[in-house]
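The block underneath contains the structure these notes are about, expressed in structure tokens.
By convention here, the first residue in the shown sequence is residue 1. Computed from a prediction, not measured in an experiment: that's the story for all the values here. Just so you know, these numbers use all the heavy atoms, side chains as well, and skip hydrogens, waters and symmetry mates.
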Amino acid sequence: KTMYIEKLENCFNKLIERNESLRTYFEIIDGVPVQKICKDFSFKIDVINATDDNINNYFVDFVKPFDLSKAPILRVRIIKLIDNTALLLFDTHHIISDGTSMQILISDLCKLYNDEELEEIKFTYKDYSEWENSNLKSGTFEDDKKFWLSKFNDDIPVLNLPYIHPRPAKKSFKGAKIYKTLNSEFTKKINYLCKELQVTPYMFLLGAYYILLSKYSTQTIMVVGSPVIARENSDTQNIIGMFVNTLPLKFHVHFRKTFNDYMDSVKDMCLKAFEHQSYPFNEIVNNLNITRDASRNPLFDVLFTYQNEGNPTVNLNGINSTYYLPDSKIAKFDLSLEAIPENDKLNLSFEYCTNLFTHSFINTMANHYLKILEDVVNNPEIELFNIDMLYQKEKNKILVDFNKSEMDYPEEKSLVDLVSDESEFLADPMPNLYFTRDPFASAGNGVILNKMYSVTRNRETIYAEYIF
């Protein structure tokens with residue numbers, strides 16, 4: 001079917017008129033940004049014809065910084081591709097929308113395009129903002145404040161993963177993503193086990209994430225950030241705005257617990273955190289008086305997200321459509337794991353900072369996460385200490401390949417000749433040695449310690465790697 005661009009443009013204009021957030025702009029008054037609502041606006045869809053089929057290039061060209069002093073803070077483009085298909089791209093700034101807002105925008109757009117009526121909006125995001133500020137001033141959030149501050153009174157643990165590159169003095173946002181998919185059969189097993197343990201898939205996957213991070217960092221107490229929708233009032237369910245809040249989930253992994261008992265602890269931690277989810281994250285940070293480190297985020301550097309609803313269905317009057325998930329090459333944190341249910345499968349996205357990690361390292365780490373899931377699904381009574389995240393191929397590499405000591409030597413020389421040659425060589429300065437922390441790098445990328453002798457005759461710099 002054909003997409004009618006003029007009709008689509010009218011639908012977007014109705015959505016902008018309906019949602020104050022999309023008509024928001026900001027002015028600086030006395031050095032403070034102040035929200036303003038634009039009454040009169042002009043919105044057009046940008047339409048271009050593609051000259052090639054490189055979709056990602058069109059996405060990169062589309063994403064640009066917004067001028068927050070001008071409304072609407074929404075950008076839409078249609079790209080007509082060579083094969084008679086089209087890309088519908090739209091972008092908003094996070095200051096006026098969140099993930100749920102995008103789902104609302106897509107759902108309402110489809111309804112308007114299909115000539116359906118939209119449910120009345122009873123409140124605006126401005127009302128929600130005033131409610132939150134009022135509660136902060138009145139002390140309504142006092143119990144929530146005490147809860148979160150008590151979590152960090154004794155210590156704020158800093159997670160130190162085995163980074164491949166030195167951490168820059170100033171935080172880098174350069175990133176990439178690695179995708180994994182759990183098939184329907186394995187996803188069904190996870191869902192079944194969740195029912196047996198009386199936990200949600202969110203809690204289950206988060207629990208496995210803590211185990212992964214603990215095994216890699218050798219730390220047992222850590223903080224993982226996790227966003228929550230924070231739309232507890234039913235009247236906020238159809239409002240576009242920045243409602244999402246981030247919870248700093250501090251947790252202690254006890255490796256002598258069985259996975260069953262461990263998940264009880266994870267569940268308890270999550271439920272208590274959800275009871276206090278309304279308290280804004282920035283208030284927690286401000287009240288803790290944290291000394292800021294320009295190279296890190298406050299409180300945590302790893303994130304876990306579970307998209308309960310998955311991606312919303314797109315139905316523009318019967319037009320066939322699929323989601324395209326581009327890699328923005330941006331990482332807000334050192335490492336983020338996002339889980340998105342899709343039909344009967346589960347899609348996992350590992351977003352990482354490329355100034356800290358390599359693609360091969362994170363790919364291995366992602367595979368280890370899958371191995372942890374396999375172990376606990378197959379044996380929920382297993383002690384965390386006995387969870388093995390290495391596949392047999394990796395074990396063979398460590399136990400067999402890395403311990404091969406055979407080497408070629410000139411058979412025409414006697415042992416005395418070889419020792420004499422080596423003594424002459426050792427009179428020269430030793431080569432420089434650099435050690436990396438990539439625990440599972442391939443031998444082709446460097447030299448394993450127990451094979452140093454076989455390469456000391458090279459006059460070049462030697463890179464040695466170790467495994468923990």
Side-chain angles (χ1 to χ4, degrees), residues 1-25 37-48 50 55 58-59 61-64 66 70-81 84-126 128 229 231 234-244 307-326 328 340-343:
K1 288 190 176 183
T2 303
M3 181 188 297
Y4 296 99
I5 296 177
E6 184 177 347
K7 182 177 182 178
L8 195 66
E9 194 169 78
N10 289 335
C11 293
F12 272 108
N13 275 279
K14 289 179 181 178
L15 289 175
I16 296 170
E17 179 65 35
R18 171 183 168 86
N19 293 278
E20 283 190 354
S21 293
L22 297 178
R23 291 184 283 114
T24 290
Y25 66 98
I37 307 298
C38 177
K39 294 183 178 179
D40 301 317
F41 63 91
S42 176
F43 180 79
K44 293 286 185 182
I45 294 178
D46 184 25
V47 182
I48 64 174
I55 295 177
Y58 292 109
F59 167 78
D61 181 66
F62 174 67
V63 178
K64 304 290 183 185
F66 282 97
K70 297 178 181 178
I73 307 179
L74 170 68
R75 184 183 297 124
V76 180
R77 177 178 291 176
I78 291 177
I79 302 173
K80 296 180 179 180
L81 300 177
N84 293 324
T85 60
L87 298 176
L88 173 59
L89 308 178
F90 59 91
D91 188 21
T92 66
H93 197 286
H94 217 336
I95 198 171
I96 56 101
S97 66
D98 54 19
T100 301
S101 297
M102 292 297 94
Q103 294 180 349
I104 294 170
L105 181 63
I106 293 171
S107 177
D108 287 355
L109 175 67
C110 292
K111 290 177 181 177
L112 289 175
Y113 192 87
N114 297 335
D115 300 318
E116 299 176 23
E117 293 292 325
L118 298 182
E119 183 181 346
E120 180 186 359
I121 293 179
K122 297 179 181 180
F123 298 96
T124 66
Y125 184 76
K126 183 172 57 179
Y128 168 79
I229 296 175
R231 295 172 183 253
S234 60
D235 292 325
T236 63
Q237 297 302 312
N238 61 349
I239 301 176
I240 292 177
M242 181 55 186
F243 290 88
V244 70
Q307 301 288 2
N308 287 297
E309 304 298 328
N311 292 317
T313 302
V314 179
N315 179 18
L316 297 172
N317 196 24
I319 297 175
N320 294 326
S321 61
T322 56
Y323 278 93
Y324 175 68
L325 301 176
S328 62
I340 305 176
E342 184 179 20
N343 299 323

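- The shortest heavy-atom contact between Pro72 and Ser42 is CD-O, 4.2 Å.
- When all heavy atoms of Ser21 and Tyr125 are compared, the pair lying nearest together is OG-CB, 3.5 Å.
- When the shell of 6.0 Å around NZ of Lys7 is examined, it contains more than 12 heavy atoms from other residues, nucleotides or ligands.
- Closest of all the heavy-atom pairs between Arg231 and Gln237 is O-NE2, 2.6 Å.
- Two residues are said to be in side-chain contact when any heavy atoms from C-beta on lie closer than 4.5 Å; Phe90 and Ile106 meet this criterion.
- Contact of the Asp91 side chain with the Val63 side chain is registered, since non-hydrogen atoms from C-beta on lie closer than 4.5 Å.
- Side-chain contact between Cys38 and Thr24 is absent, with no heavy atoms from C-beta onward closer than 4.5 Å.
- Within 6.0 Å of the CD atom in Glu116, the count of heavy atoms belonging to other residues, nucleotides or ligands exceeds 12.
- Ring orientation note: the planes of Tyr128 and Phe243 are tilted relative to one another, at an angle of 30° to 60°.
- Between Leu87 and Phe59, every side-chain heavy-atom pair lies at or beyond the 4.5 Å cut-off.
- Contact check for Arg75 versus Phe62: side-chain heavy atoms found under the 4.5 Å cut-off.
- Residues Arg18 and Glu119 come closest through the heavy atom pair NH2-O, 2.6 Å.
- Here CZ of Phe66 is found 7.5 Å from NE2 of His93. Values are rounded to the nearest 0.5 Å.
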- Could you check Asn315 against Lys111 for side chain to side chain contact (heavy atoms under 4.5 Å, CB included), going step by step and ending with a plain yes or no? CA-CA 8 Å; Asn315 179 18; Lys111 290 177 181 177; over 6 Å; no
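- Ion pair Arg23/Asp40 not flagged as a salt bridge, since none of the NZ, NE, NH1 or NH2 atoms sits closer than 4.0 Å to an Asp/Glu carboxylate oxygen.
- Taken from CD1 in Ile240 to OG in Ser97, the straight-line distance is 8.0 Å, to the nearest 0.5 Å.
- With rounding to the nearest 0.5 Å, the separation of OG1 in Thr92 from CE in Met102 is 3.5 Å.
- The CD1 atom of Ile239 lies 8.5 Å from the CG atom of Asn19; values are rounded to the nearest 0.5 Å.
- In terms of heavy atoms, Thr313 sits closest to Cys110 at O-SG, 4.3 Å.
- Checking side-chain atoms of Glu9 against main-chain N and O of Ile45 turns up a donor-acceptor pair under 3.5 Å.
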- Where do Ile95 and Met242 land on the side chain to side chain contact (heavy atoms under 4.5 Å, CB included) test, with the steps shown first? CA-CA 6 Å; Ile95 198 171; Met242 181 55 186; over 6 Å; no
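- Annotation: side chain of Phe41 is not in contact with side chain of Leu22 (no heavy-atom distance under 4.5 Å).
- Annotation: Tyr4 is not in aromatic contact with Tyr113 [ring centroid separation under 6.0 Å not met].
- No side-chain donor-acceptor contact under 3.5 Å links Asn317 to the backbone of Asn114.
- With contacts defined as side-chain heavy-atom distances shorter than 4.5 Å, the pair Leu8/Glu6 does not qualify.
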- Task: Step by step, work out the side chain to side chain contact (heavy atoms under 4.5 Å, CB included) result for Asn13 and Lys44.
- Result: CA-CA 8 Å; Asn13 275 279; Lys44 293 286 185 182; over 6 Å; no
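- Within the model, atoms CD1 of Ile78 and NZ of Lys80 stand 8.0 Å from one another, a figure rounded to the nearest 0.5 Å.
- Side chain of Ser101 to backbone of Gly241: a donor-acceptor contact under 3.5 angstrom is found.
- Atom CG of Leu15 sits about 11.0 Å away from atom CG of Asn10, to the nearest 0.5 Å.
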- Ile5 and Val47: side chain to side chain contact (heavy atoms under 4.5 Å, CB included), yes or no, with the steps? CA-CA 9 Å; Ile5 296 177; Val47 182; 4.0 Å; yes
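- Between Phe123 and Thr236, every side-chain heavy-atom pair lies at or beyond the 4.5 Å cut-off.
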